[in-house]
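Here is the structure we will look at, set down as structure tokens.
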Number of protein chains: 4
Amino acid sequence: MPKVSETRKDAVRNDILEAAGRVFKRKGYEAASMKDIVAESGRSFGGVYLYYANKEQLFLELIGRVYREMNESAEGGEGTAPWEAVGRFLRDQLARAADADNGLAPVLYEYLIVGRKEERRMKLIGERHDAVFGAIERLLRSGAEAGTFRPTIPVEAIALTVMSFLDGMFFESIVSGPERIRLDDQFRVLSDMLRSVLMPGEASAVTEEGNPE
Amino acid sequence: MPKVSETRKDAVRNDILEAAGRVFKRKGYEAASMKDIVAESGRSFGGVYLYYANKEQLFLELIGRVYREMNESAEGGEGTAPWEAVGRFLRDQLARAADADNGLAPVLYEYLIVGRKEERRMKLIGERHDAVFGAIERLLRSGAEAGTFRPTIPVEAIALTVMSFLDGMFFESIVSGPERIRLDDQFRVLSDMLRSVLMPGEASAVTEEGNPE
Amino acid sequence: MPKVSETRKDAVRNDILEAAGRVFKRKGYEAASMKDIVAESGRSFGGVYLYYANKEQLFLELIGRVYREMNESAEGGEGTAPWEAVGRFLRDQLARAADADNGLAPVLYEYLIVGRKEERRMKLIGERHDAVFGAIERLLRSGAEAGTFRPTIPVEAIALTVMSFLDGMFFESIVSGPERIRLDDQFRVLSDMLRSVLMPGEASAVTEEGNPE
Amino acid sequence: MPKVSETRKDAVRNDILEAAGRVFKRKGYEAASMKDIVAESGRSFGGVYLYYANKEQLFLELIGRVYREMNESAEGGEGTAPWEAVGRFLRDQLARAADADNGLAPVLYEYLIVGRKEERRMKLIGERHDAVFGAIERLLRSGAEAGTFRPTIPVEAIALTVMSFLDGMFFESIVSGPERIRLDDQFRVLSDMLRSVLMPGEASAVTEEGNPE
DNA sequence: CATGAATGAGCGTTCATTCAT
DNA sequence: CATGAATGAACGCTCATTCAT
């Protein structure tokens, strides 16, 4: 049987996915046409549809990767001290936001916003929410359990707030451009604020060396 | 006097605008078709185009109102004490976010995100940014000038951070639903955080009665 | 009875007609909208339709004037010597062609060409043909009867040829611009050619002073 | 080999082009709708747009053929004596004019006249002018270089005059019908006139057998 | 496995003309 | 007499997806 090896199939899938990624980044979700993706991939319509059922599947697979990376960014701070782990995570998000329009984040935001009425996209939306929220919460909770953080507010509420802020920073970065919104300054403000609720009393705010950048 | 009175014309304009508003809220910007709007308004294509040049103008006029209301929300705290004025503003935004999917905010976010590559929409984007940022900054600055706020961080940076957070809260509210993201809790967290950077040292955080809700 | 005087009505009609003329010259027949004409006339839709049943009637009345002027250009040479009368006529046409895009001629050509399939426009087309042809023919025939012209070819054929040439010169003037097609040179060539068939043998062609410019 | 052969694609392109040609001839350029062309071709909208980007491209490709044929008509007289070559060319144009309303010429004239204000069509207009003018000029110049023609007027001027006349003859043929304007007679007149300026003194005009019909 | 030609409902917008006031 | 708001059929064009080869 001429069954193509698994790796060959995977390679083709990957090729197509990367081509789709380039097109999505360049044009956005709605504006990207299957014709564009087919052309960018150097394949035929049939060839692309053979591996992915439609434009949405293509995007969903692509975005799955982003989630996985995001999660890894939130984990990984196994041995690290809690406040340094938070700092790492925030710095990582900062870098992503600064590079927002080269990544898939704007496309995801577009996809979520445009599709907010569609039953089918709800699932993904929920999953994204839980994944990001969970990652942040774990970060905070492990610090609290270690006794480093002594939050006067439930960590769930703090995690949700951080998540909102990050989403907002991304949104602003996307629509206004990273330079216009002074990402570094915002990052500093967030750090100070977070410290004040996570470690109240400690190093009364403004210390330079304590900031996790 | 066959010329229809100005008030009648305004009434018709308003009718059409409200019909368009209902359609945009129901379907979103991209998914709303002129056919929908024409049907909802109970008029003809020509009748609608007589008052508004195209779909975008219809939306822009609609969104202009939202801006005006937002500004009014940020102003108005003339005689109020600074921290109470901030509280009022935040509470107002909270209410808006809680009601996000009944308003035009999701449509605006969609319009901005989808149109991020289009030269023409950039202008609106910039204007929105400046208006919202300006409103928040004025609020903080007047408190600082009054000596009530003693921020250890430039107010511009704080204003931008608040703006990001609000955008994020709206975004989350839109895509995940207000109930899922515990708006009240987030609001409390933001309050505490803001106080710690605006009035450091004062009432070491957690006091209940001091919070401006 | 408040019957408005005939002259008042005529004045209004004329106002509208001139406004329409300006719009047609500026935009062409198809591209001119009734909205344009109404705006240019400073009146209302109703006001314009009260005097003219539709766009076509407006144009037809306008074009009637041009015909009348054209005819007058062809007549008028009563006392003049035949060859001078021909020269006058040709010079007049030259001037019109040179000024083609400021006049209604392009609009007429457009109207005729576009409407060549419409029964209703046929009539006008026929009338124009007969009027122009008749004018030229009379010019030639009176010279022949006076014995000044001794055409070796039937004057009808010559008249038709002149007419074709003039139409072509107009057409070229309209689409390529008068400067590109060297109207003066063409005019000279036509003069020489015409002389050779109207007055064969006389002043073997190239004489300068004999040319009717 | 699922890729359809080049010849098949060409055949389809040709099918569509011919269908468009029939519609254009029947209705004219402006009045022809894509719906008409789609119906005439027996295909779908998508099917037509797959091969031609828009109505204008369809027309331009069609008209390209006419130019090519025109040029061939003007060339080709390589070995022939100059006056015969001119005769051949004129006869060819006569035939075309006689058949004007079965061809695309009226559509081209309409396209040029209606589009005289549009920047984009200007290019085509210029190209047409240069191509036709160039063809006629070459015809005359080669006769002059051979010494057969001894024009007393610059050949450029004569070429432009001939071009104008031909355009006029076409125009008249289109709007008034070929029979009404006695094409044969006009052709004879043009021949006589042309001879008188190209070969002055020779065979003092009226000879029958010398005329190149 | 792979191709790419083909589909067709749907889009936003225009404009000559009418007629209630 | 005069107004101008209102009509609605028709326009050129797009694009995710299918399926005969």
Encode nucleotides 7-14 of chain F as B, S and - characters from 5' to 3', where the letter depends on protein heavy atoms closer than 4.0 Å: B to the base, S only to sugar-phosphate, - to neither. BBB-SSBB
Whole angstrom is fine here: how far is it from [atom1] in [X] over to [atom2] in [N]?
| X | N | atom1 | atom2 | answer |
| --- | --- | --- | --- | --- |
| B/Tyr52 | E/dT14 | OH | P | 17 Å |
| B/Asp10 | F/dA5 | CG | C1' | 14 Å |
| B/Asp15 | F/dA5 | CG | P | 15 Å |

Not counting sequence neighbours, which residues clear salt bridge (charged side-chain N to carboxylate O under 4.0 Å, His left out) with [X]? List them please.
| X | result |
| --- | --- |
| B/Arg26 | B/Glu40 |
| B/Arg116 | A/Glu110 |
| B/Lys35 | none |
| D/Lys117 | none |

Polar side-chain atom of D/Tyr51 near backbone of D/Asn14 as donor-acceptor pair, under 3.5 Å: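 No: the side chain of D/Tyr51 does not pair with the backbone of D/Asn14.
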Side-chain N,O (A/Tyr51) to OP1/OP2 (E/dA2) below 4.0 Å: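 Indeed, a polar side-chain atom of A/Tyr51 lies that close.
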N or O in side chain of B/Arg8 less than 4.0 angstrom from F/dG4 OP1/OP2: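 Answer no for this pair, as no side-chain N or O of B/Arg8 is under 4.0 Å from OP1 or OP2.
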Can you list every stem that DNA chain E is part of, counting only runs of 3 or more consecutive Watson-Crick or G-U wobble pairs with both distances under 3.5 Å?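 Counting only runs of 3 or more consecutive pairs, the stems involving DNA chain E are E:2-21 with F:2-21.
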C/Tyr29 ring centre to C/Lys55 NZ or CZ under 6.0 Å, with the angle to the axis within 45°?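 Yes, C/Lys55 lies over the aromatic ring of C/Tyr29.
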Centroid-centroid distance, B/Phe59 to B/Tyr111, less than 6.0 Å: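 Yes - the distance between ring centres of B/Phe59 and B/Tyr111 falls below the 6.0 Å cut-off.
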